[in-house]
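First up is the structure itself, then whatever we jot down about it.
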Amino acid sequence: MAEDNVLIGVIGGSGLYHLDNLTFPWGFPSSPITISSLPSGTKVAFVARHGVGHFINPSNVPSRANIAALKSLGVRVILAFSAVGSLREEISPGSFVLPNQIIDRTKGIRPASFFADTTIVAHTMFGDPFSNKLVKWLEPRVRRVLEEGKEGEKRKLFTEKCIVCMEGPQFSTRAESQMYRQWGGDLINMSVLPESKLAREAELSYALIATATDYDSWRPHTESVTALEVFKTLKENAETSRRVAATILDELQQAVTGKDADLFLEEKGAMKFSIMPRSVRQKQEDRDKLAFILPEYFAGEETVDVSSA
Ligand SMILES: CSC[C@H]1O[C@H](OP(=O)(O)O)[C@H](O)[C@@H]1O
Ligand SMILES: Nc1ncnc2[nH]cnc12
């Protein structure tokens with residue numbers, strides 16, 4: 001069985017820009033993954049979802065590669081930040097939201113499962129699409145950071161909200177925006193799927209820290225959303241998001257490595273109840289590919305359970 005930790009580093013010099021014979025089964029992530037340290041020494045892996053400089057459309061974000069790369073580095077918890085449209089008057093631009101539900105309005109064109117097109121079948125539990133314990137842990141801490149903002153910079157925090165994930169890249173029509181409100185949607189973005197599904201398949205705890213940039217297109221007497229409007233709010237929201245991250249990451253590291261980590265990381269081990277029993281039809285190459293993200297289940301030779309073949 002291959003060693004899980006990366007033990008060998010290679011530095012390429014002038015002219016040596018890649019090596020042969022190396023494969024990354026889930027493709028290349030959106031951006032190089034930077035592994036950096038906080039002043040305390042806590043290490044954090046960071047990937048820019050749309051690439052550095054924003055050149056990857058939401059439908060083309062290589063979410064499987066992003067999640068597989070993070071998992072293979074040893075990451076256990078993902079805090080995903082997202083700029084979202086608000087479908088509720090009270091969630092004004094600049095507000096922060098920790099949603100707890102998702103409505104899928106993507107169009108089936110994004111690779112949404114590590115098991116797709118393999119000979120291994122898995123039906124992953126997704127009734128609660130975000131890690132409830134992680135969201136609960138985040139709420140008071142994010143709230144505190146937002147309340148500590150300078151006068152005039154204070155932001156609201158909402159929880160227990162439902163986010164609609166649309167395909168894009170065009171924004172919604174007024175009719176769609178109003179329909180999502182009737183469905184119970186509170187927020188809208190183009191990114192939370194399949195990212196959150198893939199994190200769940202990889203047994204990673206995942207929470208979305210959403211920042212509202214606009215009111216989408218449901219308000220009858222105001223202009224519908226434009227990218228320019230979103231970009232105007234994005235910069236300030238991103239500064240606050242960085243403040244949130246800087247304040248909570250050390251404590252999160254302690255929670256993830258502490259004595260109650262297993263209670264906190266409720267997704268760990270969950271795929272045991274999702275993967276269908278071993279069949280003789282399963283191809284070893286598929287198992288090897290899945291071993292990259294779920295070595296617990298797919299690494300090494302396993303005896304075939306012929307009764308379930
Ligand atoms: C820039 S407007 C639409 C774009 O913004 C959000 O991106 P992200 O979730 O990565 O912050 C939204 O999901 C769309 O991709
Ligand atoms: N109105 C909106 N619709 C979809 N994604 C968004 N991201 C930010 N604002 C959005």
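Note that ligands are numbered from 1 as they come in the structure, with each ligand's atoms numbered from 1 the same way. Everything quoted here is computed from the prediction, not taken from an experiment. When reading the values below, keep in mind they use all heavy atoms of this one structure, side chains included, and skip hydrogens, waters and symmetry mates.
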Test item: [X] side-chain N/O and [Y] main-chain N/O as donor-acceptor pair under 3.5 Å:
| X | Y | result |
| --- | --- | --- |
| Thr213 | Thr233 | no |
| His50 | Phe55 | no |
| Glu201 | Phe114 | yes |
| Asp104 | Thr106 | yes |
| Ser95 | Thr211 | no |
| Arg105 | Cys165 | no |

**Q.** Axial cation check for Trp218 ring with Arg181, 6.0 Å and 45° limits
**A.** yes
Using a 4.0 Å cutoff against the non-hydrogen atoms of [X], which atoms of ligand 2 qualify?
| X | value |
| --- | --- |
| Thr213 | 8 (C), 9 (N) |
| Asn189 | 4 (C), 5 (N) |
| Asp216 | 1 (N), 2 (C), 3 (N) |

List, for ligand 1, each N/O atom that has a protein N/O partner under 3.5 Å away, with both atom names and the distance.
| unit_1 | atom_1 | unit_2 | atom_2 | d |
| --- | --- | --- | --- | --- |
| ligand 1 | 7 (O) | His50 | NE2 | 3.4 |
| ligand 1 | 9 (O) | Arg49 | NH1 | 3.3 |
| ligand 1 | 9 (O) | Ser82 | OG | 2.7 |
| ligand 1 | 9 (O) | Ser191 | OG | 2.7 |
| ligand 1 | 10 (O) | Arg49 | NH1 | 2.8 |
| ligand 1 | 10 (O) | His50 | NE2 | 2.6 |
| ligand 1 | 10 (O) | Ser191 | OG | 3.3 |
| ligand 1 | 11 (O) | Ala83 | N | 2.8 |
| ligand 1 | 13 (O) | Met190 | N | 2.8 |
| ligand 1 | 13 (O) | Ser191 | N | 3.4 |
| ligand 1 | 13 (O) | Ser191 | OG | 2.7 |

(Q) Taking atom CD as the centre, does Glu160 end up with more than 12 heavy-atom neighbours from other residues, nucleotides or ligands that are less than 6.0 angstrom away? (A) no
(Q) Please determine whether the number of non-hydrogen atoms from other residues, nucleotides or ligands lying under 6.0 Å from atom CD of Glu89 exceeds 12. (A) yes
Please report which non-hydrogen protein atom sits nearest to [atom], along with the residue it belongs to and the distance in Å to one decimal place.
| atom | value |
| --- | --- |
| atom 10 (C) of ligand 2 | Gly85 N, 3.4 Å |
| atom 9 (N) of ligand 2 | Asp214 OD1, 2.7 Å |
| atom 7 (N) of ligand 2 | Ala83 O, 3.0 Å |

**Q.** Within reach of ligand 2, part of Ile188 (heavy-atom separation under 4.0 Å)
**A.** both
